[in-house]
Amino acid sequence: MATLLYRLGRGAFRRRRWVTLSWAAVLLGVVLAAMSAGEAADDSDPMPGIESQRAFDLINERFPDAEAEGASARIVLVAPDGRNVTAAEYRAAIDTLIAEVADGPQVAAVSDPLDASTVSEDGTTAYATVTYEVTDDNVTDAGRKDLTEAVEKARTSGLTVEAGGGAVAGEPPAGIGEFLGIAVAAVVLLITFGSLAAAGLPLITAVVGVALTLASIIALGGALGMSTATADLAMMIGIAVGVDYALLVVSRYREERAQGNDAREAAGLAVGTAGSAVVFAGLTVVIALAGLSVIGVPSLTKMGLAAAGAVVLAVLITLTLVPALCGFWPDALLARRVRKGPSARPARRFRKGPRAGAARAAGTAGAVREAGAWSARWARFVRRRPVPVLLGSVILLGALAVPALDLRLGMPGDEAKPTSSTERRAYDALADGFGPGVNGPLTLVVDARRADDPRSAVAAVSERVAGTDGVVSVSPPRFNAAEDTAVIQAVPSTAPTSERTEELVRTIRAERTAAESATGATFEVTGTTALNIDVARKMTDALIPYLLVVVGLAFLLLLLVFRSVLVPLKAALGFLLSVGASFGVLVTIFQNGHGSGLLGVDETGPIMSTMPLMLVGIVFGLAMDYQVFLVSRMREAVIHGERPAEAVVTGFRHSGRVVTAAAVIMTSVFGGFMTGGETLLKMVGFGLAVAVLFDAFVVRMAFVPAVLVLLGKRAWWLPRRLDRLLPRVDVEGEALARRAAAPGLAAVPDADRQDTVRA
């Protein structure tokens, strides 16, 4: 592999104009395709395999004129202190409000807020339910604007009027996530490299990769049903890995220049060695992201595959466009103090051969050693005290992981939004007037086709549900045209995200068999609250199989890369420590509320259902990036004859600052998404950011070297039979080292030899 990538790097450097124009043409073509593509799909993919989804499908089948998953909104009206919302002085304003909302686009119906069942017992609060002909994601901006204007007009009557529900929420407030990530990346790269060109090159290639990814998603969005959430995740991952992979290759290019190689040879060696690490690091990320498809949730499958596509593009760009751009700025990529030293020479004189420029090589080598000095000092400290470092890292991460034992999954709703939003104020007003359960009623679909008397059977089921402990009220049944299926709503006494509400759903479902035996009718429980509970259970059940698949495949890949049994095992254990600590911190802040005010989180609750799987998938792939970046240099040193303990220091000297810079960049990219106003975005950004920090700075910088020092030669043990069976991929560039040892032009492949002679 190293030899193949070496030739690819040299070829891209030599044909840099052709390579650059080819990528530009591809980008232009995809952008043009995106411009002519249809509208992107909505985010309302079905959730196969859960009861709530089956119930939704049954409603759509038996009630063809009403879509079960259609959007809805609630307009909440609260009278001033000492007044009654049903007073005659407010009647005209309420009638006008309802009429204007009913005339709005996509509105199917609006209920009367002064109906007896929608007025609180004390008469101070009432609400109207607005149903739409389309799903939440398909409500147009015009429809939301019409509702908002009607609500604002009604407030002039003296009533407090708020609106909540899925139809009200538009796009979340835009943060500065990607811009902050790129800005921090630019600063970190400039500090790391000391060169504007070296800092700008990874940013240019990352932006090209992200632009290609987003344009591809837009172009394929209509046909494949890719949503905006898919594009957001792909962009986040694309920026992070695009910068990191280019950073690794550019750093290796500078090191090879420090060894006295000319620019073209350095580009080939950088792609042949660091490029090999990029390929296998990218494969681990692709495995982790594509592995989301084993869960069986279409939306997660699309998100995972789109993000995996972004990683594949980042790898291809790193292996081809990065060395091509190195050809345009061969000396500009070096640090300024090296370029302006006494041995500086014109940029185009790099063509004079690998032995030219010894003075410059000495200066560049000194700069590289100086940059890696702190990493080497830390590695020597770990080598002297491996046991305290290992115990300290394990105890720290283990202590942080303890709160994760209380992890509760769910889908926070309007109660988790800022108190400044009308959705949150509507939620609070409803809870004050009717109790918290009114914000999350349960919908029961009663199938009475087999009952002798469908109406009597539905009434019996309704009575049973009404008598269940924890149910406040049950609505009158609504029958379909055939009068063999009915929909009823049960209002719990507790909030939608309460554990008692989850227990109530289980209790109602457990009584299904008895109800069917007694009445001949059966029922299923659905609604937003039940759907969120079912999704959380599905995600919890899928976590262990997903971990086994992803970790198992990655273990085999790392076994092939490092030709060691213990190194991949240690990588997996370190990953589990960092993910456990991340879950613990998430629970502490977003679920238990400790320190939530610092992040601007107004209300705590369960952790988003898909968060564990997303966190495991994304962070596992990125953690293996650092593993490959760091440990491949250690193995390279071992292959070249260094003792295992000294190889740890060598690996840190060359890759420590690269991993540090990559981690800071990735953390800033993820942390930037916390600048959005939505709690869910803050949760995702914070979870990914702290997971990267824990994995990069505690696991890879402390746990990993301590374990490798303690294991010594045993770290690189591989059974002989397995050694014979595994193919040799030569990630360390051993073949390139043998080629370089040959005299004269033996280090130059035949395809490039004539070009070198002509130069």
Do Arg408 and Gln591 have a side chain donor and acceptor closer than 3.5 Å? no
Answer whether the closest heavy-atom distance between the side chains of Ile239 and Ile665 falls below 4.5 Å. no
Does Thr610 form a side chain to side chain contact (heavy atoms under 4.5 Å, CB included) with Met539? I'd like the steps, not just the answer. CA-CA 6 Å; Thr610 55; Met539 297 299 105; 4.0 Å; yes
Leu556 vs Leu560 side-chain heavy atoms within contact, under 4.5 Å: no
Might you confirm whether atom CZ of Arg383 has over 12 heavy atoms from other residues, nucleotides or ligands at distances under 6.0 Å? yes
Answer yes or no: is there an ion pair linking Arg653 with Glu255, defined by an N-O contact shorter than 4.0 Å? no
I need the minimum non-hydrogen distance between Tyr546 and Leu292, along with the two atoms involved. CE1-N, 3.5 Å
Indicate yes or no for a side-chain donor-acceptor contact from Ser609 to the backbone of Val535 under 3.5 Å, with no hydrogens or angles considered. no
Take a 6.0 Å sphere around CZ of Arg384 and say whether it holds more than 12 heavy atoms from other residues, nucleotides or ligands. yes
Within the structure provided, determine whether Pro644 and Leu708 are in side-chain contact (heavy-atom separation under 4.5 Å). no
For Trp23 and Thr320, which I'm curious about, is there any donor-acceptor pair between the side chains at under 3.5 Å? yes
One should read off an interatomic distance between Leu558 CG and Gln627 CD, to the nearest 0.5 angstrom, of 6.5 Å
Does Ser276 use its side chain to pair, donor to acceptor, with the backbone of Gly272 at less than 3.5 Å? yes
Side chains of Leu390 and Val707: does their closest heavy-atom pair fall under 4.5 Å? yes
Rounded to the nearest 0.5 Å, the OH atom of Tyr6 sits from the CD atom of Glu265 at a distance of 3.0 Å
Tell me the closest heavy-atom pair linking Ala270 and Val249, and the distance in Å. CB-O, 3.7 Å
CD1 (Ile217) and CG (Leu212) are apart, to the nearest 0.5 Å, by 11.0 Å
Taking the side chain as C-beta and beyond, is there a heavy-atom pair between Phe620 and Val551 under 4.5 Å? yes
Would you indicate whether the side-chain heavy atoms of Met634 and Phe652 approach each other to under 4.5 Å? yes
Atom pair CG/CG of Leu586 and Asn592 - distance to nearest 0.5 Å: 11.0 Å
For the residue pair Val241 and Ala314, what are the closest heavy atoms and their distance? CG2-CB, 3.8 Å
Taking side-chain contact (heavy atoms from CB on, under 4.5 Å) as the definition, give me every residue that meets it alongside Val187, ordered by chain and number, with sequence neighbours left out. Ile191
Do Val648 and Val382 pass the side chain to side chain contact (heavy atoms under 4.5 Å, CB included) test, and can you show the C-alpha distance, the side-chain angles, and the key distance before you say yes or no? CA-CA 9 Å; Val648 171; Val382 176; 5.9 Å; no
In terms of heavy-atom contacts, Met701 and Val659 come closest through CE-CG1, 3.8 Å
Counting C-beta onward and ignoring hydrogens, is there a side-chain heavy-atom pair between Leu248 and Asp244 closer than 4.5 Å? no
Strictly distance-based, threshold 3.5 Å: is any side-chain N or O of Tyr245 a donor or acceptor partner for the main-chain N or O of Ile317? no
About how many Å separate OG of Ser564 and NZ of Lys570, when rounded to the nearest 0.5 Å? 8.0 Å
Using 0.5 Å steps for rounding, measure from the CE atom of Met683 to the CG atom of Leu615. 11.5 Å
Do Val271 and Thr318 touch side chain to side chain, with heavy atoms closer than 4.5 Å? no
Check Leu718 against Arg563 and note the closest heavy-atom contact, atom names and distance. CB-O, 3.5 Å
Over all heavy atoms of both residues, which pair between Val616 and Phe575 is shortest? Give the atoms and the distance, please. O-CZ, 3.7 Å
For Ser578, is there any backbone N or O sitting under 3.5 Å from a side-chain donor or acceptor partner on Asp695? no
